[in-house]
Amino acid sequence: MSELVSAELLASTEPVAFFGYADPRPGRERELRERMLALGEPSRAESGILAYEAFSDVARPGSVAFYELYRDGRAVQHHLEQPYMRQFFEDCASLLAGDLEIHVLHPHRSQGPEARRG
């Protein structure tokens, strides 16, 4: 599963965020949506996950958009190793029209007042 994200990202000590899309095979829209929704509760129970949500996007009917925010790269690795995630990835070939579309987000952090004065 770690091939989904780079080793550099998995080693991050900073928060890690992703957004993306899962595009279903024709006729599998409902099943994909239900499967991805079912991942939410156990995922949000993981201590390193700060946000884990699925959405609809009117620009991509049938697709499931998702947003995930992790404490750090170790939390991502832990998540990918969970049995429910392993099963989901095994089933992706029958559910998805292609690969998951995953975009990594890098946080912008404002500098504190002390850093701006210097």
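For this chain, numbers begin at 1 and follow the sequence in order.
Scored by the ring pair (Phe, Tyr, Trp, His ring centres under 6.0 Å) test, F19 finds H103 as partners (sequence neighbours excluded).
A cation-pi arrangement is absent between R35 and F88 under the rule of less than 6.0 angstrom and at most 45 degrees off the ring axis.
L95 and Y21 sit in two unconnected hydrophobic clusters of ILVMFWY residues. Membership requires side-chain heavy atoms under 4.5 Å apart, directly or through other members. A continuous path of hydrophobic side-chain contacts links F89 to I49 [ILVMFWY only; heavy atoms under 4.5 Å]. Hydrophobic clustering (ILVMFWY, side-chain heavy atoms < 4.5 Å, transitive): V5 and Y84 are in one cluster. Taken together through direct or relayed side-chain contacts under 4.5 Å among Ile, Leu, Val, Met, Phe, Trp and Tyr, Y67 and L50 form part of one hydrophobic cluster. Connection of F55 to F18 is not established within any shared hydrophobic cluster, with ILVMFWY side chains joined at heavy-atom distances below 4.5 Å, either directly or through further cluster members.
Listed here is the closest heavy atom pair of L96 and A22: CD2-CB, 3.8 Å. Across all non-hydrogen atoms, the minimal contact from A54 to L37 is CB-CD2, 4.1 Å. Residues S43 and M85 approach most closely at OG-SD, 4.5 Å, considering heavy atoms. P24 and A97 get closest at one heavy-atom pair: O-CB, 3.5 Å. Here the closest heavy-atom approach between residue Y52 and residue H79 is recorded as CE1-NE2, 3.4 Å.
A side-chain donor-acceptor contact under 3.5 Å links E29 to the backbone of G27.
Between Y70 and H78, the distance from one ring center to the other does not fall under 6.0 angstrom.
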side-chain contact (heavy atoms from CB on, under 4.5 Å) between E68 and E53, worked out
CA-CA 7 Å; E68 304 172 21; E53 301 297 335; over 6 Å; no
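Under the side chain to side chain contact (heavy atoms under 4.5 Å, CB included) rule, V16 has a single partner from L9, L69, L10, which is L9.
Counting heavy atoms of neighbouring residues, nucleotides and ligands inside a 6.0 Å radius, atom CZ of R71 exceeds 12 of them. Counting non-hydrogen atoms of other residues, nucleotides and ligands closer than 6.0 Å to CD of E8 gives a total of 12 or fewer. Other residues, nucleotides and ligands place no more than 12 heavy atoms under 6.0 Å from the CG atom of D99.
Looking at R25 and E31, no side-chain N of the basic residue comes within less than 4.0 Å of a carboxylate O on the acidic one, giving no salt bridge. A salt bridge between R86 and E90 is absent, with no side-chain N of the basic residue lying under 4.0 Å from a carboxylate O of the acidic one.
Remark: the S63 side chain and the D23 side chain contain an N/O donor-acceptor pair separated by less than 3.5 Å.
Pairs engaging residues 27-47 under the ring pair (Phe, Tyr, Trp, His ring centres under 6.0 Å) rule: none recorded [sequence neighbours left out].
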